[in-house]
Q: 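Right, I'll just put the structure down here and ask away after.
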Amino acid sequence: IAKDEGGNCFRFFQPAMTTYMTRRIKLEQELRQALADPSQLRLFYQPKVDLGSGSIIGVEALLRWHHPEEGMISPMEFIPIAEDSGLILDLGDWVLVQALEQLSRWQREGVAIGMAINVSVKQLLHRDLCDRILALSQQQDIAPDAVQLEITETHIMNDMGRIIAALCALDKAGFTLAIDDFGTGHSSLSRLRDLPVKVLKIDKSFVKNAMRDKKEAQIVKAIIDMGHSLDKTIIAEGIETQEQMQLLTELGCDEGQGYLFARPMPVEELDLLLRQNAQYWHPKDRVGP
Ligand code: C2E
Ligand code: MG
Ligand code: MG
Ligand code: MG
């Protein structure tokens, strides 16, 4: 690529940079193949817990790519590649189909939980997204309010006008909207008030630091109070310890997600977990006493 722009560009590339680019190009091609043969792709589900009652109120769908030679590749590595290459549109659609099918299966079995799905801004700004999710939900007989769409904060602030329009359409269709990794971007209060978003997900870096640093805990408290005054539900991600859970509960956080409760897991494991908790099932489906 650099060669096309004149031979001199070559010397600006460190060997590490070249390796990085070669890997990106390779992964992009392989991700394209994975989409053609989605047996390499799989959704894991991580429970979301109500901090007051401790019960599972929903799950977040998290994409997993099992690469034929390398094994699991982190979404932190392949999602940005998918976003840059445009593959995210097909990949995101695959995720939507799978997650909504699973939600519909749970609803038929009488499991009353919501499904959170990560949506990239490229997907959000594609004019078909709202119609597509509506059509899929109708096909699967899913109530839109059981579907929560998570959009990362840093991305929301880039193209506000078009993003607000897209979010409003989804909100009007009845879907629940959440801002992911909240606190890492620069949402101002007034902008937040204008967004049709019901849920703020506090980024896991805050959860980690709040334990070590009183000031950081104060910031978390300010986020929670401010969110509540705007009628938002607050969820903390990355809760790993009992102490973190306690602190967040004391600070007034509504919901939590993290390794303390459960790791992201395949659907079979999650089904087992749900079956151990009879309250997630309607009486007619209840197993055991
Ligand atoms: P995210 O949406 O903020 O998801 C939370 C991430 O934190 C997940 O990483 C999850 O496995 C991890 N996590 C959960 N509990 C804990 C904990 O207690 N401690 C720590 N250290 N981590 C925890 P994962 O699955 O690797 O996903 C990373 C990111 O990739 C996601 O961040 C999301 O931005 C993106 N992603 C994953 N699946 C999809 C997808 O289907 N579509 C899109 N557009 N993005 C996705
Ligand atoms: Mg998320
Ligand atoms: Mg997050
Ligand atoms: Mg994220």
Side-chain angles (χ1 to χ4, degrees), residues 31 34-35 38 40-49 51 56 58-67 71-103 114-126 129 133 147-156 176-185 187 197 199-211 223 233-245 247-248 253 255-266 269-270:
L31 193 55
L35 265 166
Q40 295 175 30
L41 300 173
R42 187 156 199 210
L43 289 184
F44 273 27
Y45 299 94
Q46 184 179 37
K48 283 204 249 188
V49 170
L51 288 177
I56 299 175
V59 294
E60 176 176 6
L62 292 159
L63 185 56
R64 295 292 176 261
W65 178 17
H66 195 273
H67 188 280
M72 285 285 199
I73 297 185
S74 166
M76 307 272 270
E77 182 169 20
F78 72 79
I79 292 285
I81 295 175
E83 282 172 339
D84 290 348
S85 61
L87 283 174
I88 194 69
L89 291 178
D90 287 339
L91 198 59
D93 195 68
W94 186 87
V95 169
L96 278 174
V97 171
Q98 301 297 313
L100 293 178
E101 270 177 22
Q102 184 53 50
L103 179 61
M115 174 72 75
I117 304 170
N118 293 287
V119 170
S120 124
V121 163
K122 271 234 176 96
Q123 249 180 305
L124 182 69
L125 290 180
H126 194 264
L129 183 74
I133 306 185
V147 180
Q148 186 168 306
L149 304 171
E150 300 189 356
I151 297 114
T152 300
E153 185 192 21
T154 41
H155 300 150
I156 284 190
T176 306
L177 299 172
I179 301 188
D180 208 341
D181 304 338
F182 189 77
T184 56
S187 322
V197 161
V199 180
L200 303 181
K201 277 189 100 166
I202 299 180
D203 189 65
K204 46 182 171 291
S205 60
F206 287 97
V207 174
K208 200 171 220 161
N209 297 333
M211 287 308 298
I223 293 177
T233 299
I234 317 292
I235 171 162
E237 62 177 21
I239 298 183
E240 294 182 357
T241 68
Q242 205 75 39
E243 291 73 28
Q244 289 171 340
M245 180 188 71
L247 177 64
L248 281 147
C253 193
E255 299 169 10
Q257 198 179 337
Y259 298 163
L260 174 68
F261 309 109
R263 287 184 178 256
M265 58 183 100
E269 274 177 52
L270 189 66

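As the structure lists them, so they are numbered: ligands from 1, and atoms in each ligand from 1.
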Q: With a 4.0 Å cut-off on heavy atoms, does Lys201 reach ligand 1?
A: no
Q: Between Trp65, Phe182, Tyr259, which one has a non-hydrogen atom sitting closest to atom 16 (C) of ligand 1?
A: Tyr259
Q: Classify the contact between Asp180 and ligand 1 as side chain, backbone, both or neither, using a heavy-atom distance cut-off of under 4.0 Å.
A: side chain
Q: Provide the number and element of each atom of ligand 1 under 4.0 Å from a heavy atom of Glu240.
A: 17 (C), 18 (O), 19 (N), 20 (C), 21 (N)
Q: For the Mg ion (ligand 2), which N, O or S atom of Glu60 is at the shortest distance?
A: OE2
Q: State, yes or no, whether a side-chain contact exists between Gln46 and Gln257 at a heavy-atom distance under 4.5 Å.
A: yes
Q: Return the minimal non-hydrogen interatomic distance between Leu43 and Gln98, and the atom names on each side.
A: CD1-CB, 3.6 Å
Q: Shortest non-hydrogen contact from Tyr45 to Ala99?
A: OH-CA, 4.0 Å
Q: Taking the side chain as C-beta and beyond, is there a heavy-atom pair between Arg64 and Pro266 under 4.5 Å?
A: no
Q: Establish, from distance only, whether the side-chain atoms of Lys208 and Gln244 form a donor-acceptor pair under 3.5 Å.
A: no
Q: Do any of the N, O or S atoms of Asp203 sit under 2.8 Å from the Mg ion (ligand 3)?
A: no
Q: Are the side chains of Leu35 and Leu91 in contact, using a 4.5 Å heavy-atom criterion?
A: yes
Q: Mind checking whether Met265 and Pro47 have side chains closer than 4.5 Å, heavy atoms only?
A: yes
Q: Among Ile79, Val119, Thr184, Leu124, whose heavy atom sits nearest atom 36 (N) of ligand 1?
A: Ile79
Q: Decide whether the shortest distance between a heavy atom of Arg64 and an atom of ligand 1 is less than 4.0 Å.
A: yes
Q: Just checking: Asp180, one of its N/O/S atoms, less than 2.8 Å away from the Mg ion (ligand 2), yes or no?
A: yes
Q: Taking the minimum heavy-atom distance to atom 3 (O) of ligand 1, which of Leu62, Leu260, Asp181 ranks first?
A: Asp181
Q: State, to 0.1 Å, how close Ala210 and Leu247 come at their nearest heavy-atom pair, and which atoms those are.
A: O-CD2, 3.7 Å
Q: Using a 4.0 Å cut-off to any heavy atom of Pro264, which atoms of ligand 1 qualify?
A: 11 (O)
Q: In Å and rounded to the nearest 0.5 Å, what is the CD1 to NZ distance from Ile151 to Lys201?
A: 11.5 Å
Q: Applying a heavy-atom cut-off of 4.0 Å, say which part of Asn118 lies close to ligand 1: side chain, backbone, both or neither.
A: both
Q: Looking at ligand 1, is there an atom of it that comes within less than 4.0 Å of some heavy atom belonging to Gly238?
A: yes
Q: I need the atoms of ligand 1 closer than 4.0 Å to a non-hydrogen atom of Ser120, numbered in the order shown.
A: 44 (N)
Q: Numbering the atoms of ligand 1 from 1, which are under 4.0 Å from a heavy atom of Ile239?
A: 18 (O)
Q: Which of the numbered atoms in ligand 1 are under 4.0 angstrom from any heavy atom belonging to Glu237?
A: 3 (O)
Q: Give me the atom names and distance for the closest heavy-atom approach of Met245 to Leu260.
A: CB-CD2, 3.8 Å
Q: I'd like to check Phe44 versus Leu270 (side-chain heavy atoms, cut-off strictly below 4.5 Å). Are they in contact?
A: no
Q: Roughly, to 10 degrees, what angle do Asp181 atom OD1 and Glu237 atom OE2 form around the Mg ion (ligand 3)?
A: 80°
Q: Indicate if the distance from the Mg ion (ligand 3) to the nearest N, O or S atom of Glu150 falls below 2.8 Å.
A: no
Q: At under 4.0 Å between heavy atoms, is it the side chain or the backbone of Gln257 that contacts ligand 1, or both, or neither?
A: neither
Q: Quick one: look at Gln46 and ligand 1, take heavy-atom pairs under 4.0 Å, and tell me if it's side chain, backbone, both or neither.
A: side chain
Q: Any N/O/S of Asn118 under 2.8 Å from the Mg ion (ligand 2)?
A: yes
Q: At less than 4.0 angstrom from any non-hydrogen atom of Val95, what atoms of ligand 1 do you find?
A: 41 (O)
Q: Hey, does His67 have a side-chain heavy atom less than 4.5 Å from the side chain of Met72?
A: no
Q: Can you measure from OG1 (Thr152) to CG (Asp181) and round to the nearest 0.5 angstrom?
A: 4.5 Å
